[in-house]
Structures are given as C-alpha cells and as structure tokens.
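The structure appears right after this line, and notes come after that.
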Amino acid sequence: MYRTHTCGELRAENIGTEVKLSGWVQKTRELGGMTFVDIRDRYGITQLVFDDSKNAQLAENAANLGREYVINIVGDVIERESKNKNIPTGEIEILVKQLIVLNESETPPFTIEDETDGGDELRMKYRYLDLRRSPLQKSLKLRHDMGIAIRNYLHKQGFYEIETPYLIKSTPEGARDFVVPSRMNENQFYALPQSPQTFKQLLMVAGYDKYFQIVKCFRDEDLRADRQPEFTQIDCEMAFVERDDILNVFEGLTKYLFKEVKGFEFEGDFQKMPYDTAMELYGSDKPDIRFDMKFVELTKTVANSGFVVFDSAEYVAGITAKGCSEYTRKQLDALTDFVKKPQIGAQGLVYCKYNEDGTLKSSVDKFFDADALKQWAEVMNAEPGDLMLILAGNKKKTQSALCELRLEMGKQLGLMNRNTFAPLWVVDFPLLEWNEDSKRFFAMHHPFTSPKPDDLHYFDSEPGRMKANAYDLVINGVEIGGGSIRIHDKDIQSKMFDTLGFSKEEANDQFGFLMNAFKYGAPPHGGVAFGFDRLVSLFAGFDSIRDTIAFPKNNSGRDVMIDSPSFIAKEQLDELNIQLKAKQ
RNA sequence: GGUCUGGUAGUUCAGUUGGUUAGAAUGCCGGCCUGUCACGCCGGAGGUCGCGAGUUCGAGUCUCGUCCAGACCGCCA
C-alpha cells in the first residue's frame, strides 16, 4: 500500500494519527537543523518536516531530494508550530519516520507551479509535466465534470449515447477530410468524420429518436487558438421534433450545465435573433451581446453631402461609444489604424464627438454642418459625452469591419467581462451561399439542412433567397454550436443536391446510402452539435481551447511532444501501395 | 497561400547609434542557517545570441534567405 491519505486531505482533526503518503516533491526548504519538504499530488500539498536532532540520517536524505522526485513516506500528523493559512492543509505537517524514494527525477525544464516560468513551446513539448500543474488539473477536472453533467442530463431526458464509426467515407462538401489509406482495399481510402452527421440521421431512420454522443471530429483545415484538427462535439439528434423542441432541450442542457458546474443561473429564455437582424445590428452571425453598441445604418442620413466616400458607398453605418467624446487625437488615430489593418480592411474611419457642452466635432466638418451632425446624433441615439464612429463602403466588408471595431471598443471600455454570460440563438440562416469562383451555390450549414417550409417555392426561381431551418447557439460572441432541422424527404434532398450542382450520379455515389434510407420511412428529425472544447474554455475563462485538451496540437497541426505527423517507413508505404511525390 | 510578432544562460527576459570580456532575475550546484512555506545570507558553474549567406575593419544589433513558435486573414458545409 502506497498511501493511507492523499496530499490534500489531512486536517487538524487528524493530528496524532500515523499516515502514509505518496507524491511528488514540490520543494525542499533547508533551515540547517531542520528540513521542510512539500509533497504534492493532484489533491493538494502537504508539508513534511525532518528534524536533524531526532534523526540525522533521515534529515540528510530529505535534504538530498530534488524537485519532482516521487517519494513515499510514513510519519505522524502533528500540529504546526507556525501555521499557513493559505493552504487547506496548513494547520498540520507530517513528522516523517520513514522516507522511500520511489523514483528520482531530473530537474524539470520549467517550474511545476500555478504561475510557471515556462513558455508555451516548452510546456507543449513536456506536456506531461505541464499537466502536473494545478491550473491544468483544474481544467481537465472541469472538462470531466461537464462531460458527466451532459451525460446525466441527456440520459435523464431519454437520450441514448451511441457510437458511430471513425473510418468512414470522404465526401466533397465541407471541410477537407483527413484521409486514411486502406491496406486491404488497394488504392482506396477511408476518411475521418468531420462530424457524425449522416450516421446520426441514419439512427433517426432506425428509430433511435433521441441520440447523443460526445465524440471526436476531424477537419483538415488551418488552425486558430479556438480550432484543433481533432476536436470534440456534443453531437445530438432527435426525431419527431420541430425547431423549438430542439432549442428547448439544448437550452435546458446549457442552463443545467451553468447551474451544476458554475452555479450560474440565467433569467428567462435565451433570445432568438434572426440572422438578418444579427448582421444588421452587429455585423456578425455570432454577436457578443454582453454589451449594446448596436450598428445604426446611416446610408440615407448622410447621402448627397458632396463627401465622396459616403456618397459613393453602398453602405454607411456607425456605432456610438458611450462616454468617449474625450478621446484624444492619438486614440482616434489608433482606432483608424486599427480599422485600416489588412485583417480588418476598412479604408478609413469617420468620427464625430458629441462634446459635453453640446457641440459636435467631426472629422468631416468640411462636408457636414452642425445641423447635419445633430441629425446623426439623433439617429444614432448619441448623447453629450459620446463618440460616434462611422465606416463606409461595400456592405459586407463594412459590416465585418464595424463588427471588429465594436468588439475593440467593447474591450477598451471593459464591457467584455469573463464572468458575464450572454447567450442567444441565432436563427433563420440563409440556406445557400453563392460562390463566385466556382459559380455555384454551397450549403451554408450542410446539404441536409431543411429549407424553411415557406421558402420551398424559391427552389427553382431564387434559391439564394431561401432561409434554412438552422440555428446557432452563441455565448459571448463565441459560436458554441449549431444545428438544423434536416431534410427527411428524398425528393427535397435530391432537389437540394441538384441545386448544389451534383449530378444524379454524383449524388447517388456520395450520398446514395442516405437517399436509400429515406425511401424506407424517415421520420422528421433535426439536431444540434455543440463544440465541447469551446464550451469548456468558456466555462474556464480561457481564450484558447488548448488548455482544455490534455494533449493538443499546435498552430501547424503538430504534436510537438510525440513529434507527429511523421514520415513512415518505405515498407509501410509499399504495403499500402502508396508512392510519395517530391514537392515541386 | 498571405500579414504581423517573437527566437539571447536550464527558464523568463534586457541588451542603447554596429564597437572592450553579452547582463538581470529565477532555477541548478556548493557552503552557512532549528519554524520555513516566493525562506534568508555567501559563493560558483552555466551562452552555437535559431540556422545559413551577405554588408562591414568589426554583426546579438543591419540586409536577404531559411527553420521554429504564436496571433490573425483566406480557409473551417
């Protein structure tokens, strides 16, 4: 037996008992005749004490312990002479009688402490050491707790967790597939699933009308702080439901998680906002509604002034930053530089200060007199003390630039509190997106998404006008997940493939199994998938999802600890009948 | 595919206009220290300035290339 207790549980009431502990050496503090050693496991830290005058050999052995040695001790719990109120075990210490070194350790390349001195690169290379640190252990515990809560909730609601295969079939739509060669089927490849989409629909056809799975998905696309090549979804599907049945269940799940795991309760129902409204008011399909600062369109208000930037613009809109009329020239220049960054892409920024004394000062006074500016203020709901920031140009680009500016102002004004949670459902997405390069429509969500029934008649006349019965859950400007009511009618599905430019043969080749299934009584169904990693990082207050994952990959999709991906032996390639091509 | 930022001691960083032997903190090693808990004090070791070219009398510093890491744009149904 290695231990009678963990390193985090001994308290004053244990004084006088003999205990056995195992753990890692956090730190040794030698004070001449006396040595203190902190022993750590995932439950906490306990102080060991060695007294030279009582056992000189033992004290010397203790003094020779290095950081991260794995040790096993037997000793008596005693009351500390000087207590430490900062840690739960601070009232007691262990007077050690026996010390066994279970394993020595090299000095780790960074300190195993809450605030480590290690940089990201090093921490990733030695991830198993990084994972010893308490913030990471808390993060993985949070992830575990959330997983359990999700399973409990959905189980109680009558859902079955059903596994679906990882080795599936490559399909042309959507993200790039990760591909796996098949040895037994020469020159053929499996693909790893981008999501279990078609399988969960087949489970609906099979009559498992409430399905879920906490499941890995794989997409071979470029990465970001909140994107990994393999990530985890809470994947769900229900049959005999309409949109609001699904929203209710998963709004319920979201509220349950916040309450169980964070002790946070939402008031009332989540807002439902049509996509068009989200774009108009926030310039984004995932608006951060922790703060207001909505867009106000000014295209008509500012028309025909002689200011060519506005006059020639398809779209002019602005936001009102409360209490910012005192912004200095330097701050305004910085905002202008911000919107002109290539990533933001605006040509310039027009501002108008509504001064405390009621006067108005804009960067375009040459073209607009006081009355005109007053009218801006009225339309934009600005009051003395406020600052109006206005962008103009192509509608789509200007909306997205103004969205970035709004978020930047929210950041500068401290309106994006990590402990505030503002959820909403964005609904009624466009069904299709026109792609200019390939001159064809793409499904905005995926090709199995049902059009809104009222829009079905546009299929032949104006497909681009159709709205989808699709929805996203957005919290604090993060897309937590989304879903849709699916097409369950083989004729509509076939029409959808037509519109997406699939020939009958292609559709049959790629998705024939689904169309076939739909011939045998497919129930109306729909579902949702939440990004589990993102949800955990939102709960943990992280900017990146990486520290919610035990072994994440870096920016380039590499695991720097195991050094993957890697080359494989020629024999392996031969067996797979694969020949590598030299890079051009 | 693109834009930007960074790479100097085990680690985190500083390093001026291109100029003597590249510094600090921390960690590590040795010594002292009986109530520390960021222990303290004294001493010591520790450097391919990412890599390769170039400019120069002289490059950590300037130029070009390249590799690595991070953030973002494109991309991610």
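Lettering follows sequence order; numbering is per chain, from 1. As a basis for the values below, the full set of heavy atoms in this structure was taken, side chains included, without hydrogen atoms, waters or symmetry mates.
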Any donor-acceptor N/O pair under 3.5 Å between B/G10 base and A/E106 side chain: no
Side-chain N,O (A/N84) to OP1/OP2 (B/U36) below 4.0 Å: no
NZ/NE/NH1/NH2 to OD/OE distance under 4.0 Å, A/D235 and A/K200: yes
Between C1' of B/A69 and CE of A/M561, the distance in whole Å: 17 Å
Inter-nucleotide C1' distance (B/C49, B/C62), Å rounded: 15 Å
A/Q343 CD to B/U5 P, straight-line distance once rounded to whole Å: 11 Å
Separation of B/C72 C1' from A/R224 CZ (nearest whole Å): 6 Å
A/F511 and A/F513 aromatic ring geometry - parallel, tilted or perpendicular at 30°/60° bounds: tilted
Distance, C1' atom - from B/C68 to B/G30, rounded to whole angstrom: 37 Å
Opposite nucleotide pairing with B/U56, Watson-Crick or G-U, both atom distances under 3.5 Å: none
B/U36 base / A/Q47 side chain donor-acceptor hit below 3.5 Å: yes
Pairs where residues 395-408 of chain A contributes a residue and the test side chain to side chain donor-acceptor pair (under 3.5 Å) is met, not counting sequence neighbours: A/E408-A/Q412
Base B/C28 paired with A/R67 side chain (donor-acceptor, <3.5 Å): no
Sugar-phosphate, base or nothing in reach of A/F36, heavy atoms under 4.0 Å: base
Opposite nucleotide pairing with B/G65, Watson-Crick or G-U, both atom distances under 3.5 Å: B/C51
Geometric cation-pi criterion, A/R440 with A/F442: 6.0 Å, 45°: yes
P atoms of B/A53 and B/U21, separation to the nearest Å: 23 Å
Distance, rounded to the nearest Å, where A/L122 contributes CG and B/G50 contributes C1': 15 Å
Sugar-phosphate only, base, or nothing, as touched by A/Q26 at under 4.0 Å among non-hydrogen atoms: nothing
Same-atom distance (C1') from B/A14 to B/U61, integer angstrom: 13 Å
Electrostatic pair A/D276-A/K467, nearest N-O below 4.0 angstrom: yes
Sugar-phosphate, base or nothing in reach of A/T35, heavy atoms under 4.0 Å: nothing
Length of the CG-C1' vector between A/N55 and B/U34, whole Å: 15 Å
Separation of B/U12 P from A/Y126 OH (nearest whole Å): 12 Å
Donor-acceptor pair present, A/N554 side chain and B/G70 base, under 3.5 Å: no
Phosphate OP1/OP2 of B/C39 contacted by A/R29 side-chain N/O (<4.0 Å): yes
Whole-Å C1' distance, B/U26 and B/C39: 15 Å
Sugar-phosphate only, base, or nothing, as touched by A/E113 at under 4.0 Å among non-hydrogen atoms: nothing
Sugar-phosphate, base or nothing in reach of A/P109, heavy atoms under 4.0 Å: sugar-phosphate
A/P447 versus A/M496, closest heavy-atom pair with distance: O-CG, 3.3 Å
P atoms of B/G1 and B/A45, separation to the nearest Å: 48 Å
Nearest-angstrom distance, P atom, B/C57 to B/A9: 31 Å
Touch class at under 4.0 angstrom, heavy-atom based, for A/D120 against every strand present: nothing
Separation of atom CD in A/E221 from atom P in B/C75, rounded to whole Å: 10 Å
Using residues 341-349 of chain A as the side-chain source, report each donor-acceptor pair under 3.5 Å to any protein atom, sequence neighbours left out, with the distance given to one decimal.
none

Any donor-acceptor N/O pair under 3.5 Å between B/U34 base and A/S53 side chain: yes
Touch class at under 4.0 angstrom, heavy-atom based, for A/G90 against every strand present: nothing
Phosphate-side-chain proximity, A/R546 and B/G70, N/O vs OP1/OP2 below 4.0 Å: yes
Donor-acceptor pair under 3.5 Å, A/D222 side chain vs B/C75 base: no
Sugar-phosphate, base or nothing in reach of A/K341, heavy atoms under 4.0 Å: nothing
Base B/C76 to side chain A/R227, donor-acceptor N/O within 3.5 Å cut-off: yes
Short side-chain N/O contact to B/C37 OP1/OP2 from A/K85, under 4.0 Å: no
Distance between P atoms of B/C32 and B/A22 (Å, rounded): 33 Å
d(CZ, A/R123; C1', B/G10) in whole Å: 17 Å
Residue-phosphate contact under 4.0 Å: A/S82 side-chain N/O, B/C37 OP1/OP2: no
Over 12 foreign heavy atoms within 6.0 Å of NZ, A/K54: no
